[in-house]
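Every number for a ligand or one of its atoms is a count from 1 in the order of the listing.
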Amino acid sequence: MKLDSRLILALDITDREKAIGIAAKVQNQVDAVKVNYPFVLGCGMGAVKDLAAKVDVICDFKVADIPNTNRLIVEQARKSGACGIICQAFPGRDSLEACIKAAEGMDVFVVTEMSHPGADMFMMPVAERMARLAVDVGATGIIAPATKPEKIKALRKIVGNLRILSPGVGAQGGSASETILAGADYVIVGRAIYDAADPGAAAKKIAAEIRGALK
Ligand code: BMP
């Protein structure tokens, strides 16, 4: 995945035509498109394949099962042409190692603490341990909350030069520039782009904010 605009579109759209239309308007402004269950369940894995032919795709399947099932899920993502996959750390080392092995070079990003308020309940107390596990198993990077820039700073100290991808900008209240200044490599944005009257212009504006923060 390139490191250029540092912006990743979260394409949480269930209508295939609409989703592909938005991706086409935004793809020149973003380094990758992240697809999650809304896209896959609504549009099908064939749509992931179509998208992956045009832009780098990260499958946000938050893979969280026993090792064998994780392997099967990651293999499907790989076959769709995705360049990356998002996995959960909480099922433990063996489950995460199965993801890394099945990825066969595809980027693996590990969720640490999530960006919504409920993450305080179970994830917050163990986020650092999960980040350490991501480093230990050889993941490409972690997912860290743009809603908590201080947490990004703390996790950066643990993960060194692993990639940090941060969702929570826009609709969830996080700021793109603060997220980058806290040490994230990429900002993941969904609604603030795809719900905008002009998604291309909205993406351009966020990309400009990120560029400004890097100066
Ligand atoms: P939005 O910008 O519309 O809030 O979308 C954020 C995207 O990032 C969604 O696809 C969501 O599932 C994902 N995400 C998140 O918001 N917080 C996390 O901690 C992890 C995520 O994957």
Side-chain angles (χ1 to χ4, degrees), residues 1 5-15 18-19 22-23 26 29-43 47-48 51 55-64 73 77 82 84-90 99 107-128 130-131 134 139-152 154-155 159 163-180 182-197 199 202-203 205-207 209-210:
M1 179 169 54
S5 70
R6 296 169 180 259
L7 177 59
I8 296 170
L9 169 67
L11 191 58
D12 296 327
I13 304 279
T14 52
D15 178 83
K18 189 177 172 200
I22 288 172
V26 171
Q29 309 299 329
V30 299
D31 288 344
V33 173
K34 180 180 83 66
V35 294
N36 196 335
Y37 292 111
F39 179 89
V40 172
L41 297 174
C43 311
V48 178
L51 199 57
V55 62
D56 278 352
V57 171
I58 300 171
C59 285
D60 179 7
F61 295 167
K62 296 198 177 68
V63 187
I73 296 168
I85 182 133
I86 297 179
C87 304
Q88 292 282 15
F90 65 77
C99 294
D107 290 334
V108 175
F109 304 103
V110 178
V111 179
T112 56
E113 184 173 331
M114 292 182 76
S115 56
H116 64 308
D120 288 1
M121 202 173 173
F122 297 117
M123 301 188 95
M124 188 171 71
V126 292
E128 278 89 353
M130 295 202 278
T140 313
I142 60 165
I143 307 295
T147 47
K148 294 178 180 168
E150 291 308 314
K151 199 63 185 237
I152 297 174
L155 292 170
V159 302
R163 296 292 196 220
I164 299 183
L165 281 53
S166 291
V169 164
Q172 296 179 54
S175 130
S177 49
E178 278 174 34
T179 301
I180 292 293
D185 297 293
Y186 297 92
V187 169
I188 298 173
V189 182
R191 287 165 286 179
I193 294 176
Y194 67 70
D195 277 345
K205 198 171 163 208
I206 298 168
E209 184 184 334
I210 293 170

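- Looking at Tyr194 next to ligand 1, no N or O pair under 3.5 Å apart turns up.
- Looking at Ala192, Pro167, Gly173, it is Pro167 that brings a heavy atom closest to atom 20 (C) of ligand 1.
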Task: Residue pair Phe39, Val48: steps toward the side-chain contact (heavy atoms from CB on, under 4.5 Å) verdict - done: CA-CA 8 Å; Phe39 179 89; Val48 178; 3.8 Å; yes
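- With respect to atom 12 (O) of ligand 1, the closest heavy atom belonging to the protein is Asn36 ND2, 3.1 Å.
- Every atom of ligand 1 with a heavy atom of Val169 under 4.0 Å away is listed here by number and element: 2 (O).
- Between the side chain of Thr147 and the backbone N or O of Ser115 there is at least one donor-acceptor pair closer than 3.5 Å.
- Residue Ile188 has no N or O atom closer than 3.5 Å to an N or O atom of ligand 1.
- Listed for the Ser166 side chain is no donor-acceptor partner under 3.5 Å among the backbone atoms of Pro145.
- Rounding to the nearest 0.5 Å places NZ of Lys34 at 9.5 Å from CG of Leu165.
- In summary, the atoms of ligand 1 found under 4.0 Å from a heavy atom of Met114, numbered by their order in the structure, are 18 (C), 19 (O), 20 (C).
- At a 3.5 angstrom cut-off on N or O pairs, Glu113 does not count as close to ligand 1.
- Put simply, the side chain of Glu209 gets close to the backbone of Ser177: a donor and an acceptor are under 3.5 Å apart.
- Which parts of ligand 1 touch Arg191 is read off a 4.0 Å heavy-atom cut-off, strictly below it: atoms 1 (P), 2 (O), 3 (O), 4 (O).
- Across Ala182 and Pro149, no two heavy atoms sit closer than the pair CB-O, 3.4 Å.
- Of all atoms in ligand 1, numbered sequentially from 1 with element shown, those under 4.0 Å from a heavy atom of Lys62 are 12 (O), 20 (C), 21 (C), 22 (O).
- For Asp31 (side chain) and Ser5 (main-chain N/O), a donor-acceptor pair under 3.5 Å exists by modelled atom type.
- For ligand 1, the atoms lying closer than 4.0 Å to a non-hydrogen atom of Ala10 are 7 (C), 10 (O).
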